[in-house]
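Below you'll find the structure, written out as structure tokens, and then a few comments.
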Amino acid sequence: MQIRPRRNRKNEVIRNMIEETYLRPSQLIYPIFLLESHLEKQEIGSMPGIFRMNLSDLMHEIDACIPLGIKSFVLFPAVPDQLKDKTASYGLNASNFYLEAIRLLKERFPSIVLMSDVAMDPYSSDGHDGYVENGLILNDRTLPILADMAVCQAQAGIDIIGPSDMMDGRVGAIRDALDKNGFEDTSIMSYTAKYASAFYGPFREALDSAPKNGDKKTYQMNPANKIEALREAELDTLEGADFLMVKPALCYLDVIHLLKESSVLPIAAYNVSGEYAMLQAACEKGWLSYEKAMPEMLLSIKRAGADVILTYFAKDFAKLYSTI
Ligand code: PBG
């Protein structure tokens with residue numbers, strides 16, 4: 001045998017020398033569930049270690065994350081039911097607790113990056129990402145609501161707008177509205193290939209945002225489809241997206257890879273709540289090692305082609321990273 005691949009694995013220095021993929025805390029975005037200020041921190045049942053928290057707890061959390069190298073956060077509001085309505089009007093109320101938190105966070109931590117969620121579901125009494133009429137999700141009726149929501153968030157100081165709704169034309173509508181209002185520098189990370197996935201269950205529990213009727217299959221993509229992701233990517237690119245996202249991540253590594261190969265934009269992947277819950281559950285039972293399986297999972301997403309990963313593991317990964 002002249003050729004022995006094992007020679008390149010014979011010790012740690014050689015293995016490290018030829019390592020192909022790196023994952024650093026700076027490439028992670030940490031999702032946070034935000035509560036109104038008077039409410040106490042609550043752990044999410046299906047997501048051990050992840051809490052809904054109010055602004056003051058969040059400030060402590062950010063203080064703990066910055067020295068670990070986690071400086072990017074995506075915020076989701078947990079809106080009380082009585083504030084939800086058909087038009088998601090609370091999302092456009094300039095004094096809502098979400099926009100207030102963005103303003104105060106940018107003041108207190110000018111160097112962090114904050115990303116928002118743009119969709120109707122956290123504020124909608126129907127629990128859908130778009131406007132519902134007679135059981136249908138009306139695309140074009142939804143667009144101005146999303147555009148206004150994005151402008152409110154930009155006014156509050158958000159760095160990156162995150163449209164997670166999957167309406168057609170929303171990236172263009174949001175880009176237009178931002179530019180008309182003088183927010184040319186506010187970025188858009190589009191949820192480009194967002195699948196109608198079973199892995200969002202714990203997130204919907206966290207925000208109490210599950211659809212009241214029907215499912216999200218008329219707007220989120222069919223898990224069986226990959227070519228269609230190229231079509232979504234092409235449109236989002238033409239409409240001015242700055243990043244393209246694939247969501248979920250682990251069951252869609254092929255889609256991440258495809259978009260990375262076919263686009264010049266940075267590719268993000270959302271390692272979603274169900275993926276977090278799945279690993280935590282196995283580790284809780286002692287069936288997997290958290291310290292070993294968690295970084296392997298994140299590395300696989302990076303290796304598939306993600307430049308950026310949104311993940312509930314962000315802080316734990318950064319803690320591990322700081323020890324090596
Ligand atoms: C909704 C939204 C969802 C997630 C992010 N934004 C859920 C959904 O589409 O129902 C899921 C994130 C996760 O599961 O971690 N606009």
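One-based numbering, in listed order, for ligands and for the atoms of each. The first residue of the sequence shown is numbered 1, and numbering continues consecutively from there.
By the criterion of a heavy-atom distance under 4.0 Å, the side chain of Asp129, and not its backbone, is placed next to ligand 1. Proximity of Ser273 to ligand 1, defined as any heavy-atom pair under 4.0 Å, is shared by backbone and side chain alike. Contacts between Tyr276 and ligand 1, counted as non-hydrogen atom pairs separated by less than 4.0 Å, are absent for every part of the residue.
Nearest protein neighbour of atom 1 (C) of ligand 1, counting heavy atoms only, is Asp121 OD2, 2.8 Å. Of the protein's heavy atoms, Lys247 NZ, 3.4 Å lies nearest to atom 6 (N) of ligand 1. In terms of protein heavy-atom proximity, atom 15 (O) of ligand 1 is nearest to Tyr312 OH, 2.6 Å. Considering only non-hydrogen protein atoms, atom 16 (N) of ligand 1 sits nearest to Ser164 OG, 2.7 Å. Residue, atom and distance of the protein heavy atom nearest to atom 8 (C) of ligand 1 are Lys216 NZ, 3.3 Å.
Annotation for Lys212: atom NZ counts as buried by contact number, over 12 foreign heavy atoms lying within 6.0 Å.
The side-chain contact (heavy atoms from CB on, under 4.5 Å) with Phe317 is formed by just one residue from the set Thr311, Leu23, Leu299, Ile70; it is Leu23.
A salt bridge between Glu228 and Arg231 is absent, with no side-chain N of the basic residue lying under 4.0 Å from a carboxylate O of the acidic one. For Lys194 and Asp165, the salt-bridge test fails: no basic side-chain N is under 4.0 Å from an acidic carboxylate O.
In this structure, Asp159 contributes its side chain and Leu114 its backbone to a donor-acceptor pair below 3.5 Å.
Those atoms of ligand 1 that come under 4.0 Å of a heavy atom in Ala119, given as number and element, are 16 (N). Residue Tyr270 has at least one heavy-atom neighbour below 4.0 Å for each of these atoms of ligand 1: 12 (C), 15 (O).
Considering only residues two or more places apart in sequence or on other chains, Asp254 meets the side-chain hydrogen bond (donor to acceptor under 3.5 Å, both in side chains) condition with none of them.
A perpendicular orientation is assigned to the rings of Tyr219 and His128, their planes being inclined by more than 60° (bins at 30° and 60°).
Tyr90 is not connected to Leu35 by any chain of hydrophobic side-chain contacts under 4.5 Å among Ile, Leu, Val, Met, Phe, Trp and Tyr, and they are in different clusters.
Among His128, Glu275, Lys194, the residue whose heavy atom lies closest to atom 2 (C) of ligand 1 is Lys194.
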